[in-house]
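Contents: one structure, followed by commentary.
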Amino acid sequence: MRNPSFQKFFAAILALAAAGFCSQAAAQGPQVVVNTGNPDGKLGALSRPASANKVETEAADDFVLSQTTVLTGATITGLLTNGATLADLKNVEVEIYHVFPLDSDQNRTPQVPSRLNSPGDHEIAFATRSLNDGSLVARGAVRNDGFTVRNSVEDKINKKPANLTRGEGAFTGQEVDITITFATPIALGPGRYFLRPEVLVNNGDFLFLSAPKPIVPPGVAIPGDLQAWIRNANLSPDWLRIGTDIIGTDVPGTAAPTFNMTFTLSGITIQNAGAPGEPDCNGQTSAALNQQFGNHASAALALGFPSVQALTESFLNACKE
């Protein structure tokens, strides 16, 4: 005959163990690691790939990782113009940049007022993801069918001294969130980076929406938060500060406005990972993955990599930064 007291005790132990397992699994899952908050209605900045009769235009904003992180996804918030809807969405691409002077030619003559704190000339090669090549998945959701920004930057992105245009005026369109999942996550070491999303839309464009600067709740402050930058193919590889260089100020002696862009990044931090550039980075990171996840196969599964090889390559790239 079974002991009812023992059965109850055993069931309680199983429940506690299951709760502990679920809690640990949740802790190991992706968390929001960057959040700039909600759109403030001040600005929309064009960000699109090149297409028929349209020049590539890129808008970027900075973020900081305090420790090695595997980025698993993002959300970007923007305005669809000219009556376009999410049904017109054709491609989404994400690139990540170091801060100048990394990945940049410091010896060339720039065509802009300043390169200080801009994105680098070139993106981080291993960190590009695109809907068209299957390296990311994207889905959209409408936030507001009639959202208006007070100013915009689209075509008037000019080399100095013609950079100051004051923007191109108000715009109303469909406000959307585009939620992105990276099919192969992106491992990055601690540091400051720029996120540059591009969205291709039939019969319209995507204006990346500004967020408050300084960041306010539900956003989380970024240490040393930089302003957003923009360029097009005619200006590349240089970048212009959207606020300081393009919008400017109408009142002499006062500072030009500065802008953040509206996005979040999700990921999983890796405890005790090796420092990029250090000789033991790979070995230390491998040990850290084993310590945090048990082994590399479990790490690949938990972090969302399609294979152990993909995980290994991603962290090798991160250690070379």
Between [Y] and [X], does any NZ, NE, NH1 or NH2 come within less than 4.0 Å of an OD or OE carboxylate oxygen?
X	Y	result
Glu93	Arg196	yes
Arg166	Asp250	yes
Glu168	Lys156	no
Asp61	Lys213	no

Heavy atoms, side chains only, cut-off 4.5 Å: are Asp121 and Arg115 in contact?
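The answer is yes, as the side chains (C-beta and beyond) meet within the 4.5 Å cut-off.
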Treat each ILVMFWY residue as a node, draw an edge where side-chain heavy atoms are under 4.5 Å apart, and state whether [X] and [Y] are in one component.
X	Y	value
Leu164	Trp229	no
Phe206	Val94	yes
Phe63	Phe100	no

Criterion side-chain contact (heavy atoms from CB on, under 4.5 Å) on Ile96 and Leu71, from CA distance to verdict
CA-CA 11 Å; Ile96 295 175; Leu71 297 180; 4.0 Å; yes
At what distance, to the nearest 0.5 angstrom, does [atom1] of [X] lie from [atom2] of [Y]?
X	Y	atom1	atom2	result
Leu195	Thr264	CG	OG1	9.5 Å
Arg139	Leu86	CZ	CG	11.5 Å
Phe126	Asn317	CZ	CG	5.0 Å
Leu265	Leu188	CG	CG	9.5 Å
Cys319	Asp280	SG	CG	8.5 Å
Leu311	Leu289	CG	CG	5.5 Å

Search all heavy atoms of [X] against all heavy atoms of [Y] and return the closest pair with its distance.
X	Y	answer
Asn282	Phe315	OD1-O, 4.2 Å
Asn272	Ala288	O-CB, 3.5 Å
Gln67	Thr69	O-OG1, 2.8 Å

Sole candidate of Asn144, Thr81, Thr148 that passes side chain to side chain donor-acceptor pair (under 3.5 Å) when paired with Thr172
Thr148
Is the distance between the ring centroids of Tyr97 and Trp239 less than 6.0 Å?
yes
Heavy-atom count around Lys42 NZ within 6.0 Å, excluding the residue itself: above 12?
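For Lys42, atom NZ is not crowded (no more than 12 foreign heavy atoms under 6.0 Å).
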Going by atom types only, do Glu154 and Ser152 share a side-chain donor-acceptor pair under 3.5 Å?
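On atom types as modelled, these side chains qualify, holding a pair under 3.5 Å.
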Residues Gln227 and Thr244: side-chain donor-acceptor under 3.5 angstrom:
yes
Can you spot which of Ile178, Leu46, Asp205, Leu207 makes a side chain to side chain contact (heavy atoms under 4.5 Å, CB included) with Val199?
Ile178
Mind checking what makes ring pair (Phe, Tyr, Trp, His ring centres under 6.0 Å) contact with His98, not counting sequence neighbours?
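Partners of His98 under the ring pair (Phe, Tyr, Trp, His ring centres under 6.0 Å) test: Tyr193.
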